[in-house]
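Notes follow the structure.
Order of the sequence lines fixes the chain letters, A, B, ..., with proteins taken first and strands second; residue numbering starts at 1 for each chain.
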Number of protein chains: 2
Amino acid sequence: MEKYSRQRQEILDFLIESYDHPTAEEIYAEVKKRGSTASKGTVYRNLNFLSEKGIIEKISMLNGADRYDYKKTPHNHVICSKCNKVFDFEYNFNLKRLRKSILEQTEIEDFSDYVIVQGICKKCLKN
Amino acid sequence: MEKYSRQRQEILDFLIESYDHPTAEEIYAEVKKRGSTASKGTVYRNLNFLSEKGIIEKISMLNGADRYDYKKTPHNHVICSKCNKVFDFEYNFNLKRLRKSILEQTEIEDFSDYVIVQGICKKCLKN
DNA sequence: ACAAAAATAGGAATAATTCCTATTTAGAAA
DNA sequence: TTTCTAAATAGGAATTATTCCTATTTTTGT
């Protein structure tokens with residue numbers, strides 16, 4: 001039986017209304033600004049908790065801090081490997097075939113129905 | 001004109017014959033064991049150099065240190081989010097359609113022709 | 001061989017995240 | 001509605017991962 005503490009709810013609430021994949025540091029700063037008593041340890045603990053529950057998604061970055069995203073609807077991510085900006089995109093994979101390939105070729109049993117692609121954004125390409 | 005120093009070559013050589021996506025720390029330990037004089041700074045610098053050149057791939061992890069992979073042939077990765085093990089798999093995406101979706105929906109201009117999927121492996125699923 | 005550019009070693013510094021301990025809180029049950 | 005206890009928290013120390021710094025060395029082109 002989970003205890004949904006005030007702090008956990010504040011963190012989740014902020015993620016629900018966020019659309020820009022904030023880092024733990026940004027989440028910490030924002031909930032503090034809104035009056036939360038949450039410590040940094042609490043923020044990290046809850047982000048891990050919520051992402052293990054599958055309520056939010058932890059997005060690993062090529063460089064820099066991880067980012068977090070509330071799972072509104074299933075969507076994919078493409079990440080600029082220069083500036084670390086994360087973009088959402090929708091795409092219908094042939095999940096049945098993807099599932100088959102992964103099951104046949106790896107030891108992975110259970111997996112996400114979205115993918116991560118690495119790229120470079122327009123702005124960074126100019127420089 | 002790049003200078004392929006002895007250290008850079010040692011690091012690359014090790015990655016070429018590796019099939020288990022080692023971390024920077026593991027690469028450092030192994031080349032040292034083989035007699036390289038490379039410092040940790042040199043290992044990191046060269047891993048970044050090689051991955052910017054597209055010769056190797058830096059794989060961002062959900063938790064723990066990044067991993068590196070020599071690009072033998074294009075292949076996708078599926079990562080166990082519990083134990084961090086990385087598996088390769090081959091899969092033919094409809095790259096034309098994927099490209100179109102990403103270009104239409106995001107600011108990303110140029111991107112990899114492989115994807116990363118998150119999952120849980122058999123072993124971790126048992127526990 | 002010489003100069004210039006690039007790369008290195010080694011360690012300090014920074015960034016990101018986890019861990020620790022004493023205290024507080026949420027929720028169940030009486 | 002008080003009490004009990006597992007779960008959660010605050011705050012900071014510790015750890016991990018990575019980058020940065022500077023003096024020295026090496027590589028490559030001429």
Discussion item. Please tell me whether A:F93 and A:Y91 form a close aromatic pair, meaning their ring centres lie under 6.0 Å apart.
Written reply: yes
Does [X] place a side-chain N or O at less than 4.0 Å from the phosphate oxygens OP1/OP2 of [N]?
X	N	value
A:Y44	C:dT17	yes
A:N63	D:dT18	no
B:Q7	C:dA9	yes
B:S39	C:dA9	yes
B:N46	C:dT8	yes
B:T42	C:dA9	yes
A:S5	C:dA26	no

Discussion item. So A:T23, base contact, sugar-phosphate only, or nothing? Heavy-atom distance under 4.0 Å.
Written reply: nothing
Discussion item. Please classify the nucleic acid contact of B:D66 as base, sugar-phosphate, or nothing, using heavy-atom distances under 4.0 Å.
Written reply: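 Here B:D66 touches the backbone only, sparing every base.
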Item to complete: Could you check if a side-chain atom of B:H77 sits within less than 4.5 angstrom of a side-chain atom of B:V117, using non-hydrogen atoms only?
Response: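 Not in contact.
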Discussion item. Are the side chains of B:F49 and B:L47 in contact, using a 4.5 Å heavy-atom criterion?
Written reply: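 B:L47 vs B:F49: side chains apart.
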Report the distance from atom [atom1] of [X] to atom [atom2] of [N], rounded to the nearest whole Å.
X	N	atom1	atom2	answer
A:F49	D:dT9	CZ	C1'	14 Å
B:K40	D:dC20	NZ	P	17 Å
B:E52	C:dA7	CD	P	12 Å
A:R45	C:dT18	CZ	P	11 Å
B:E10	C:dA7	CD	P	15 Å
B:L47	D:dT18	CG	P	10 Å
A:K58	C:dT18	NZ	C1'	10 Å
B:Q9	C:dA7	CD	P	14 Å

Discussion item. Are B:I79 and A:L98 linked, directly or through intermediate hydrophobic residues, by side-chain heavy-atom contacts shorter than 4.5 Å (ILVMFWY only)?
Written reply: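 No, it is not one cluster - the side chains of A:L98 and B:I79 are not joined through contacts under 4.5 Å.
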Item to complete: Would you check if there is a donor-acceptor pair between the side chains of A:T37 and A:Q7 at a distance under 3.5 Å?
Response: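 Side chains of A:Q7 and A:T37: pair found under 3.5 Å.
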